[in-house]
Amino acid sequence: MSPASAKDAQREADRIEPVLKRLWGQKKWDPKSVRAALLELGYEEERTGPKGERRGGTLTVRAMDPRYEVDHNVTPEGARIGLRVHDDACVTAFVQKTNYEVKTNGPFMETGCFEPPYGH
């Protein structure tokens with residue numbers, strides 16, 4: 001991330017953090033509630049074309065990734081958030097039953113603002 005992009009990403013992270021804190025306190029961590037609250041900040045949902053090309057918007061909210069436990073996959077309650085601030089800067093966050101987190105990072109080649117699920 002360039003220094004200017006890092007500053008912009010941190011500014012957006014500072015806007016998102018109180019919203020996630022409020023939702024966490026209200027026990028609302030489902031993707032639909034999280035998406036609605038973040039859209040109220042003025043973000044638009046990211047849109048992509050048939051070949052994965054970006055066509056506008058910057059916000060993606062999705063369910064948590066499944067993880068393997070004992071003998072089967074489990075998808076925990078919660079939402080993951082990716083906000084593309086610039087081509088080289090993202091805000092990545094999550095909110096779930098146990099906690100929430102907001103951080104800034106550069107995009108990942110394979111998965112955009114989201115960290116790949118099995119390491120990078």
Side-chain angles (χ1 to χ4, degrees):
M1 264 189 291
S2 72
S5 293
K7 185 177 179 180
D8 290 347
Q10 187 58 55
R11 183 178 62 243
E12 296 305 322
D14 292 344
R15 290 182 69 212
I16 289 172
E17 193 275 336
V19 173
L20 296 187
K21 181 178 182 178
R22 176 178 51 83
L23 291 170
W24 182 72
Q26 296 172 342
K27 301 180 186 232
K28 292 183 180 179
W29 41 74
D30 62 283
K32 183 178 178 182
S33 296
V34 173
R35 182 180 301 107
L38 294 175
L39 291 175
E40 287 180 12
L41 293 178
Y43 300 120
E44 291 183 35
E45 286 191 78
E46 189 169 40
R47 298 176 307 281
T48 56
K51 296 180 183 175
E53 68 276 14
R54 291 189 353 239
R55 293 199 169 165
T58 57
L59 176 70
T60 303
V61 178
R62 59 173 81 152
M64 301 295 280
D65 283 336
R67 63 176 180 249
Y68 192 77
E69 287 188 9
V70 183
D71 62 352
H72 64 285
N73 281 328
V74 174
T75 302
E77 292 180 60
R80 299 175 61 213
I81 299 102
L83 178 71
R84 188 174 295 274
V85 179
H86 294 295
D87 286 341
D88 67 338
C90 295
V91 175
T92 304
F94 68 84
V95 60
Q96 60 186 1
K97 184 177 183 176
T98 55
N99 62 339
Y100 66 94
E101 178 182 66
V102 181
K103 63 183 181 178
T104 62
N105 55 275
F108 297 90
M109 184 181 301
E110 306 90 342
T111 55
C113 290
F114 292 101
E115 186 172 343
Y118 302 106
H120 187 260

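Bear in mind the structure is a predicted one, so any value in this text is a computation, not a measurement.
- Linking Ile, Leu, Val, Met, Phe, Trp and Tyr residues whenever their side-chain heavy atoms come within less than 4.5 Å places Val61 and Trp24 in a single cluster.
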Sequence neighbours left out, cut at 3.5 Å: what donor-acceptor pairs do the side chains of residues 76-85 make with other protein atoms?
from  : atom 1 : to    : atom 2 : distance (Å)
Glu77 : OE1    : Trp29 : NE1    : 3.1
Arg80 : NH1    : Asp65 : OD1    : 3.1
Arg80 : NH1    : Asp65 : OD2    : 2.9

Could you list the donor-acceptor pairs under 3.5 angstrom formed by side chains in residues 14-22, with sequence neighbours left out?
from  : atom 1 : to     : atom 2 : distance (Å)
Asp14 : OD1    : Gln10  : NE2    : 2.8
Arg15 : NH1    : Glu12  : OE1    : 3.2
Arg15 : NH1    : Tyr43  : OH     : 3.3
Arg15 : NH2    : Leu41  : O      : 2.6
Glu17 : OE2    : Tyr100 : OH     : 3.0

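- Each salt bridge (charged side-chain N to carboxylate O under 4.0 Å, His left out) pair with one or both residues in residues 88-107, not counting sequence neighbours, would appear here, but there are none.
- Pairs passing the disulfide (SG to SG under 2.5 Å) check and including a residue from residues 44-111, sequence neighbours excluded, read Cys90-Cys113.
- Taken together through direct or relayed side-chain contacts under 4.5 Å among Ile, Leu, Val, Met, Phe, Trp and Tyr, Leu59 and Val95 form part of one hydrophobic cluster.
- Atoms OG1 and CD, on Thr92 and Glu115 in that order, are 8.5 Å from each other to the nearest 0.5 Å.
- Put simply, OG on Ser33 and CZ on Arg35 are 9.5 Å apart, with the number rounded to the nearest 0.5 Å.
- Under the salt bridge (Lys or Arg N to Asp or Glu O under 4.0 Å) criterion, Glu40 pairs with no residue, sequence neighbours left out.
- Judged as a side-chain contact (heavy atoms from CB on, under 4.5 Å), and not counting sequence neighbours, Pro3 has no contacts.
- Legend: disulfide (SG to SG under 2.5 Å) pairs involving residues 21-86, not counting sequence neighbours: none detected.
- Taking Asp87 as the reference, Arg54 meet the side-chain contact (heavy atoms from CB on, under 4.5 Å) condition, with sequence neighbours excluded.
- Applying the disulfide (SG to SG under 2.5 Å) test to every pair with at least one member in residues 9-61, sequence neighbours left out, gives no pairs at all.
- Nearest heavy atoms, Pro107 versus Ala89: CD-N, 3.9 Å.
- A donor-acceptor pair under 3.5 Å links the side-chain atoms of Arg47 to the main chain of Arg55, judged by distance alone.
- Hydrophobic clustering places Leu23 together with Leu38 (ILVMFWY residues linked when any side-chain heavy atoms are closer than 4.5 Å, directly or through intermediates).
- The two atoms that bring Met1 and Ala6 nearest to each other are SD-CA, 3.8 Å, heavy atoms only.
- Evaluation of the side chain to side chain donor-acceptor pair (under 3.5 Å) rule for Thr111 yields no partner, not counting sequence neighbours.
- Residues forming a salt bridge (Lys or Arg N to Asp or Glu O under 4.0 Å) with Arg62 (at least two apart in sequence, or on another chain): none.
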